[in-house]
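To find a chain, count down the sequence lines: A is the first, B the second, and so on, and within it residues start at 1.
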Amino acid sequence: MPKEKTTTRKSAKSADKSAGGKKKKDPNMPKRGLSAYMFFANDQRDKVREENPGIKFGEVGKVLGERWKALNEKQKAPYDAKAAADKKRYEEEKAAYTAGGDEDEDEE
DNA sequence: ACCCTGATTGTTGTT
DNA sequence: AACAACAATCAGGGT
């Protein structure tokens, strides 16, 4: 993404819990697509465990994260592609969700 | 109009 | 069944 936000972006990570923002959960809230990391873990989890026999979740998670960042955009490509594919799936659900939820569906 | 925050996804291993 | 760090991602509300 050849575009960087000039704004201070302030690492939008949940650091400040003093936000007090309640988001209303909709009954038709579609579960978002998986993140590239999810796919990455899906593929690496097996490898990491093989290279680290007897490794626990904590270790795997950490090493996984480091490996993930160590990847180049090229390596992330396939994972990101999957994430994008899943996102597309989510788009459909989201569309139906925003459409109005219940229309005329009798199948369940 | 722009920013931020919370919620969600999946992994494994244990309790 | 739920939780634990790890990273990404999005949609909506708030200012």
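- Rounded to whole Å, atom P of dA5(C) lies 20 Å from atom CG of Asn52(A).
- By the side-chain contact (heavy atoms from CB on, under 4.5 Å) test, Asn52(A) is found to be paired with Val48(A), Ile55(A), residues two or more places apart in sequence or in another chain being considered.
- Applying the side-chain contact (heavy atoms from CB on, under 4.5 Å) rule to Gln75(A) yields the partners Leu71(A), Asn72(A); only residues at least two apart in sequence or on another chain are considered.
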Quiz item: When you check every protein heavy atom under 4.0 Å of nucleotides 8-15 of chain B, what one-letter string (B, S, -) results, 5' to 3'?
Solution: BBBBBS--
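- Close to dC6(C), at under 4.0 Å from its OP1 or OP2, lies no side-chain N or O of Trp68(A).
- Glu91(A) pairs in a salt bridge (charged side-chain N to carboxylate O under 4.0 Å, His left out) with only one of the listed residues (Lys88(A), Lys94(A), Lys87(A)), which is Lys87(A).
- Atoms CD (Glu73(A)) and P (dA8(C)) sit 12 Å apart, rounded to a whole Å.
- The residue Tyr90(A) sits close only to the backbone: its heavy atoms come under 4.0 Å of sugar-phosphate atoms, none of a base.
- Distance CD (Glu93(A)) to P (dA7(B)): 20 Å, rounded to an integer number of Å.
- When the P atom of dC10(C) is taken as reference, atom NZ of Lys94(A) falls 10 Å away, rounded to whole Å.
- Between Arg89(A) atom CZ and dT9(C) atom P there is a gap of 19 Å when expressed in whole angstrom units.
- Taking atom CE on Met29(A) and atom P on dA11(C), their separation rounds to 8 Å, with Å as the unit.
- In the hydrophobic cluster analysis, where Ile, Leu, Val, Met, Phe, Trp and Tyr join through side-chain heavy atoms closer than 4.5 angstrom, Val63(A) is grouped together with Met38(A).
- dA11(C) atom C1' lies 12 Å from atom CD of Glu91(A), rounded to whole Å.
- In this structure, Glu92(A) and Arg89(A) have side chains that are in contact, with non-hydrogen atoms separated by less than 4.5 Å.
- Rounding to the nearest 0.5 Å gives a distance of 14.5 Å between CZ of Phe39(A) and CD of Gln44(A).
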